[in-house]
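Heads up: the structure comes next, in structure tokens.
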Amino acid sequence: MIGLSHADTRKAGSAAMSGKLTDLQALAAIVLWNSGLFDTLEIATALTVGEDAVCRTLHAARSIGREG
């Protein structure tokens with residue numbers, strides 16, 4: 001394990017996560033995912049966002065769908 005003294009300071013803010021998606025990007029990610037034709041990396045590449053942001057968006061959409 002790498003000690004804190006060797007940590008990449010560029011990633012210190014947020015466990016190296018990418019930023020949020022806009023509402024339109026989030027909707028597009030959900031539609032593309034639900035089509036069954038694209039994986040999360042392909043969606044992230046098409047929307048020019050981080051794959052982790054797409055995964056978080058899809059996870060949130062599933063959670064909301066289960067609740068209501």
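The chain is numbered in sequence order, starting from 1.
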**Message:** Between E67 (side chain only) and I64 (backbone N and O only), is there a donor and an acceptor less than 3.5 Å apart?
**Reply:** no

**Prompt:** Is there side-chain contact between L37 and L32, with at least one heavy-atom pair below 4.5 Å?
**Reply:** no

**Asked** Between OG1 of T57 and CZ of R62, what distance do you get to the nearest 0.5 Å?
**Response** 10.5 Å

**Request:** Grab the two heavy atoms, one from A53 and one from G19, that are nearest each other, plus how far apart they are.
**Result:** CB-O, 3.4 Å

**Request:** Nearest 0.5 Å please: distance from the CD1 atom of I30 over to the OG atom of S35.
**Result:** 12.5 Å

**Asked** For the residue pair A29 and L21, what are the closest heavy atoms and their distance?
**Response** CB-CD2, 4.3 Å

**Prompt:** Looking at residues at least two apart in the chain, or sitting in another chain, which of them share a side chain to side chain contact (heavy atoms under 4.5 Å, CB included) with A28?
**Reply:** L47

**Request:** Locate the shortest heavy-atom distance separating W33 from I43; write the atom from each residue and the value.
**Result:** N-CD1, 3.6 Å

**Asked** So, for T22 and Q25, which heavy atoms are closest and what is the spacing to 0.1 Å?
**Response** N-OE1, 2.9 Å

**Request:** Of all the heavy-atom pairs spanning L41 and E51, show the shortest one and how long it is.
**Result:** N-OE2, 3.4 Å

**Prompt:** Listed by chain and number, what are the side-chain hydrogen bond (donor to acceptor under 3.5 Å, both in side chains) partners of E42, not counting sequence neighbours?
**Reply:** none

**Asked** Which heavy-atom pair separates V54 from V49 by the least distance, and what is that distance?
**Response** CG2-CG2, 3.8 Å

